[in-house]
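Worksheet: the structure to be examined is printed underneath.
Chain identifiers are assigned alphabetically (A, B, ...) following the order of the sequence lines, protein sequences preceding nucleic acid strands; residue numbering begins at 1 within each chain.
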Protein chains: 2
Amino acid sequence: MKVEKISEKYSCVASCPMRNVIAHFANKWSMLLLVILDEFGVMRFNELSRAIPDISPKVLSGHLKTLESIGLVKRILYAEVPPRTEYELTELGKSLIPILNQLSEWARRNLEKISKNLRKRD
Amino acid sequence: MKVEKISEKYSCVASCPMRNVIAHFANKWSMLLLVILDEFGVMRFNELSRAIPDISPKVLSGHLKTLESIGLVKRILYAEVPPRTEYELTELGKSLIPILNQLSEWARRNLEKISKNLRKRD
DNA sequence: CTGTATCCTACTCGATACTG
DNA sequence: CAGTATCGAGTAGGATACAG
């Protein structure tokens, strides 16, 4: 296949899946959130905070908003005092989980090898 | 499952696959590079540049270095004039491709839906 | 051809404090 | 409880020039 053909498929066109879809959640926080939401089912803001100890509320809130606007996560606000908000995966979000789990499996399988590779760099 | 258990599995421990492995290539450029390298087989620096028109040489070089240090990409430098360098996937890199392709398929399938979701945000 | 050097911008991230 | 506001630090990304 010619380079130009590949370019058409992945780069130039506005319909490149990597650029237009995956770029929005291809980072450690978003993927982590999706996998955790899958395992736990329904979670509140504070539960997510505790599940990922080293994420600040601002960053957590930001990623949740992004995931919600993509349509991967559903946010349900209950008009109560004190306020309660629940986050859970949408159907679209759930459909992504098997792939994310495979990715996670792959990472787990190759964790040692990759850590060794990374150490060699130093 | 308790939140604390999830925390142990994905967040606290140094062995969390998402944090220690996936975080290194979970971005649009790296994933794009891996998929393109898979389709083309062996590519030179310039071919990659042309395949992804809107990546600067600095950024391309940086991502290739990272992928190389993870062990996903192999870099072969031929001592010629003019210089020639060839990039290709390692076995480890190839083992990741099926998953990346599934991700890409998923993205392509849901491209329209997600674009619509994102537009609603504005 | 294959990058590196430089400069600059923009975004991301993190900590903390604070509001409804 | 569920976030937002603010500030600051660090880093990733982009344009361009140019070196081996």
Integer-rounded Å distance: [N] [atom2] and [X] [atom1]:
| X | N | atom1 | atom2 | answer |
| --- | --- | --- | --- | --- |
| B:Ile76 | C:dC1 | CD1 | P | 19 Å |
| B:Leu60 | D:dT16 | CG | P | 17 Å |
| A:Asn27 | C:dT12 | CG | P | 9 Å |
| B:Lys65 | C:dG3 | NZ | P | 7 Å |
| A:Glu86 | D:dA2 | CD | P | 9 Å |
| A:Glu68 | D:dA2 | CD | P | 15 Å |
| A:Arg75 | D:dT4 | CZ | C1' | 12 Å |
| B:Met43 | C:dC1 | CE | C1' | 15 Å |

Look at [X] and [N] and indicate whether a side-chain polar atom (N or O) is within less than 4.0 Å of OP1 or OP2.
| X | N | answer |
| --- | --- | --- |
| A:Arg44 | D:dA2 | yes |
| B:Tyr87 | C:dG3 | yes |
| A:Thr85 | D:dC1 | no |
| B:Arg84 | C:dG3 | no |

Atom CD of residue position A:Glu112 - does it have more than 12 heavy atoms of other residues, nucleotides or ligands inside 6.0 Å?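 Not more than 12 within 6.0 Å, no.
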Reported OG-to-CD1 distance for the pair A:Ser104 and A:Ile99, which is rounded to 0.5 angstrom: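 Between atom OG of A:Ser104 and atom CD1 of A:Ile99 there are 13.5 Å.
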Quick check: on DNA chain C, is the nucleotide nearest A:Trp29 upstream (toward 5') of the one nearest B:Leu77, or the reverse? Name the residue that is more 5'. B:Leu77
When every nucleotide of nucleotides 15-20 of chain C is labelled 5' to 3' by its protein contacts under 4.0 Å (heavy atoms), B for base, S for sugar-phosphate only, - for none, what sequence of letters results? BB---B
Considering only heavy atoms from C-beta outward, does the side chain of [X] approach that of [Y] to under 4.5 Å?
| X | Y | answer |
| --- | --- | --- |
| A:His63 | A:Thr66 | no |
| B:Leu96 | B:Phe25 | yes |
| B:Lys113 | A:Leu92 | yes |

Treating [X] as the side-chain partner and [Y] as the backbone partner, does any N or O pair qualify as donor plus acceptor under 3.5 Å?
| X | Y | answer |
| --- | --- | --- |
| B:Asn117 | A:Ile70 | yes |
| B:Thr90 | B:Leu72 | yes |
| B:Ser30 | B:Ala26 | no |
| B:Asp38 | B:Leu34 | no |

Just checking A:Tyr78: base, sugar-phosphate only, or nothing, at a heavy-atom cut-off of under 4.0 Å?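 No contact at all - A:Tyr78 keeps every heavy atom at 4.0 Å or more from the nucleic acid.
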Measuring from the side chain of A:His63 (C-beta onward, heavy atoms only), which nucleotide among D:dT4, C:dC13, C:dC1 has the closest atom?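 Selected nucleotide (nearest to the side chain): C:dC13.
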Between A:Arg44 and A:Glu47, is the closest basic N to carboxylate O distance under 4.0 Å? no
Bend angle of the helix from C:dC1-D:dG20 to C:dG20-D:dC1 from five-pair axes at both ends, rounded to 10°?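 End-to-end axis angle: 50°.
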